[in-house]
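Working notes, beginning with the structure itself.
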Amino acid sequence: GAVVSQHPSWVICKSGTSVKIECRSLDFQATTMFWYRQFPKQSLMLMATSNEGSKATYEQGVEKDKFLINHASLTLSTLTVTSAHPEDSSFYICSVPGQGFTGELFFGEGSRLTVL
Amino acid sequence: GENVEQHPSTLSVQEGDSAVIKCTYSDSASNYFPWYKQELGKGPQLIIDIRSNVGEKKDQRIAVTLNKTAKHFSLHITETQPEDSAVYFCAASEGAGSYQLTFGKGTKLSVIP
């Protein structure tokens, strides 16, 4: 399976500041990556699809101006939470498709964001 | 769109016993069904998956069964061990070329030593 690295694993920030989370595909290139959000004791919810070299595709209800996604290379996607508020506190997880268009998705270790 | 229901939400078993988690899905176009294990504070880990052309798949102590007619699939863990304690998520998608996974709400499995 794919090896996916996320950084930072946890971050605490003040309300109103911006936070950037990085997602790297370590063992092969990924033209597409996915960003999920998970609130405590809940399931994973897809936020957006990150596309290398083009704009991200956001799910309904996700503010694209608040959650900025940049997929500048075939191995790196970044999620920036802008003007963070306490309600943005969550577990953010990226995922990378397996090779061969099989439908398999491999997830990173997640990034815990706490907004004070 | 797809809707995935997962039961039970919590499950406690004695070490060595078997655990079964069941999921149902609504979209007959779905043909890829993965199971993920998520330990506390970590990302989900793919543990087994099954496609609609197969009725059962086994990997050591873990097995998954699929009934496409009834639109349900199940995860079976035999000879459970304390390290099997985690939250398990089922998911469904249209498979090849589609990465739109719809997840169940998760099952918290506790294996009691």
Side-chain angles (χ1 to χ4, degrees), chain A residues 1-11 21 23-26 30-51 56-61 77 90-114, chain B residues 1-10 21 23 25 27 29-54 57 59 64 66 73 86-110:
Chain A
V3 179
V4 184
S5 173
Q6 269 186 253
H7 179 81
S9 56
W10 61 269
V11 57
I21 301 170
C23 176
R24 294 182 185 274
S25 176
L26 297 184
T31 56
T32 302
M33 296 184 184
F34 302 92
W35 286 96
Y36 287 78
R37 180 168 54 184
Q38 186 179 34
F39 291 110
K41 297 185 179 180
Q42 293 190 23
S43 191
L44 292 86
M45 297 300 296
L46 179 65
M47 297 175 64
T49 301
S50 174
N51 304 299
T57 306
Y58 292 83
E59 296 299 302
Q60 191 172 11
S77 174
S90 188
F91 195 49
Y92 293 88
I93 318 170
C94 69
S95 67
V96 172
Q99 287 186 303
F101 301 101
T102 59
E104 293 175 315
L105 270 184
F106 298 94
F107 288 83
E109 287 297 304
S111 298
R112 171 77 58 193
L113 171 63
T114 301
Chain B
E2 175 66 277
N3 182 48
V4 177
E5 298 282 342
Q6 183 172 346
H7 298 281
S9 56
T10 60
I21 303 170
C23 288
Y25 62 99
D27 189 350
S30 292
N31 58 21
Y32 175 63
F33 308 94
W35 285 89
Y36 288 87
K37 174 184 180 182
Q38 186 177 29
E39 297 178 346
L40 190 63
K42 296 187 177 182
Q45 175 190 5
L46 178 64
I47 57 172
I48 196 167
D49 56 16
I50 192 167
R51 300 182 191 277
S52 60
N53 59 344
V54 176
K57 184 176 178 181
D59 182 4
V64 56
L66 170 66
F73 55 112
V87 178
Y88 291 82
F89 291 96
C90 64
S93 81
E94 292 185 13
S98 170
Y99 297 101
Q100 293 288 333
L101 281 179
T102 301
F103 285 88
K105 292 186 181 297
T107 296
K108 183 177 181 180
L109 173 65
S110 299

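A note on names: the letters A, B, ... follow the listed sequences, proteins ahead of strands, and every chain is numbered from 1. In this text the structure is predicted, and so the values were computed from the model without any measurement.
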Taking all heavy atoms of B:G104 and all of A:S43, pick out the closest pair and write down the distance. O-OG, 2.6 Å
What part of A:I93 gets within 4.5 angstrom of chain B, counting heavy atoms only: side chain, backbone, both, or neither? side chain
For A:Q42, which atoms come within 4.5 Å of any heavy atom of chain B: side chain, backbone, both, or neither? backbone
Side chain, backbone, both or neither: which part of B:P44 has an atom under 4.5 Å from a heavy atom of chain A? both
Any A:E104 side-chain heavy atom under 4.5 Å of B:L101 side chain: no
Minimal heavy-atom distance between A:F106 and B:L46, with the atoms involved, is CE2-CD2, 3.8 Å
How long is the gap from NZ on B:K105 to NZ on A:K41, to the nearest 0.5 Å? 15.0 Å
Between B:Q38 and A:Q38, is a side-chain contact (heavy atoms from CB on, under 4.5 Å) present by the stated rule, with each step listed? CA-CA 12 Å; B:Q38 186 177 29; A:Q38 186 179 34; 2.9 Å; yes
Atom group of B:Q100 that falls short of 4.5 Å from chain A, counting heavy atoms: side chain
Of all heavy-atom pairs linking B:K42 and A:F91, the shortest is O-CE2, 3.5 Å
Begin from the C-alpha positions of A:L105 and B:Y32 and carry the test side-chain contact (heavy atoms from CB on, under 4.5 Å) through to its verdict. CA-CA 11 Å; A:L105 270 184; B:Y32 175 63; over 6 Å; no
Portion of B:F89 that has a non-hydrogen atom of chain A nearer than 4.5 angstrom: side chain
